[in-house]
Amino acid sequence: MKKTIRLGILGLGRIGIMHAQNILAMPEFEVVMGADPFLTEEREKELLAMGIPACTRDPEDIFSHPDIDAVVICSTTDTHSEFIIRAARAGKDIFCEKPIDHDVGRILEAIRAVNEAKVILQVGFMHRFDRHHGALAEVLHSGQLGAVEVVKITSRDPAPPSMEYIRTSGGIFVDFMIHDFDMARFLTQSEAVGVFATGTTVCDPEIAEQGDFGSGHAIVKFANGTIAVLESTRRATFGHDQRIEALGSKGLVTDDNVYDSNIHVYNDECCYHTARIPWHFQGRYKEAYLVELQAFAKAVLERAESPVNGWDGLQAVLIAEAAARSAKSGKYELVETIEI
């Protein structure tokens, strides 16, 4: 069994650099090369100084590299399925940021390429690897709360991204709430059968001009009878608000925000003050990003099934698509059933 996985990193933007920093500090990995079509000479110097030994603008340099065992795909979403297919055909294991694609047909092509090549694919749903969310999941899955009746997930960003990003993101349900759809599946241990969703652009009317919502709301029905109530917004001025509540037939479990400290101040003016929550997802899920890469390394080294595979990636997109249809139609929409 190999002790070190030699990696190529595709996409060296914000997420790519964050993953690269984790990978460079992990004994399981050795970075061989990074690729980004927008690479500048100045940026390349920074990456080399950071510890990436070689950089290129051509992704083919990574797919054809004989010393690269696996790839980490952090490029734009429109390249994900193509890069998965090319990596699979080159016999390389794959970690890919969410979503696999906006197009279900392309997702199926990617999954089939992975299956045919017998390589490992892990999709980057880092929320599953957060220790607080994981502890809540353990309570639910242990059965101590009985049958799970309702799961509520709140997920809010501090501020909207750029309008350029909004235009190409695929919409709030596919881009943002996809994490919550995946968490709902993970927590309920069931498949979604239908969705009622709606949205608003009160947080930023300019988002409406791009055909998207600033806030998304969805009620998801699962095959085992559980209902998930999901609420997301692109603007929460106090930080990255991440909370989960689950009600079972024998009790309730909650997962609050992570705070800078556990200090609470009360004064004679009837005011209540508490510590801040992380400003954005990089801080809130810093540890989870590392843990998901450790899980990927374990799957590769042991030639075991990834904990978040192509099927999981497909199902999250199918729920997101049903939610988008519902928000447009104003009706309850069934989640498409697909066999691979």
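Both backbone and side-chain heavy atoms feed into the values below; hydrogens, waters and symmetry mates do not.
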Distance-only donor-acceptor pairs under 3.5 Å for side chains of residues 209-219, two or more places apart:
from, atom 1, to, atom 2, distance (Å)
Asp212, OD1, Ile172, N, 3.0
Asp212, OD2, Ile172, N, 3.3
Asp212, OD2, Arg234, NH2, 3.4
Ser215, OG, Thr233, OG1, 2.7

Report the residues that fulfil side-chain hydrogen bond (donor to acceptor under 3.5 Å, both in side chains) with Thr76, sequence neighbours left out, ordered by chain and then residue number.
Asp78

Answer yes when Glu292 and Arg128 have at least one side-chain N-carboxylate O distance shorter than 4.0 Å, and no when they do not.
no

Can a donor-acceptor pair be found between the side chains of Gln242 and Ser155 at a distance below 3.5 Å?
yes

Which residue pairs satisfy the ring pair (Phe, Tyr, Trp, His ring centres under 6.0 Å) criterion with at least one member in residues 27-62, sequence neighbours excluded?
none

Going by ring pair (Phe, Tyr, Trp, His ring centres under 6.0 Å), name the pairs with one or both residues in residues 80-125, residues two or more places apart or in two chains.
His19-Phe95, Phe63-Phe83, Phe95-Phe296, Phe125-His179

For the pair Arg6 (side chain) and Val32 (backbone), establish whether a donor and an acceptor sit closer than 3.5 Å, ignoring hydrogens and angles.
no

Charged N to carboxylate O below 4.0 Å: is that the case for Arg243 and Asp241?
yes

Pair Glu42 + Lys45: basic N to acidic O under 4.0 Å:
no

Pairs in or reaching into residues 158-170: which pass salt bridge (Lys or Arg N to Asp or Glu O under 4.0 Å), with residues at least two apart or in two chains?
none

The complete set of ring pair (Phe, Tyr, Trp, His ring centres under 6.0 Å) pairs with one or both residues in residues 136-157, sequence neighbours excluded, reads His141-Phe186

Do the charged groups of Asp93 and Arg303 touch, with an N to O distance under 4.0 Å?
yes

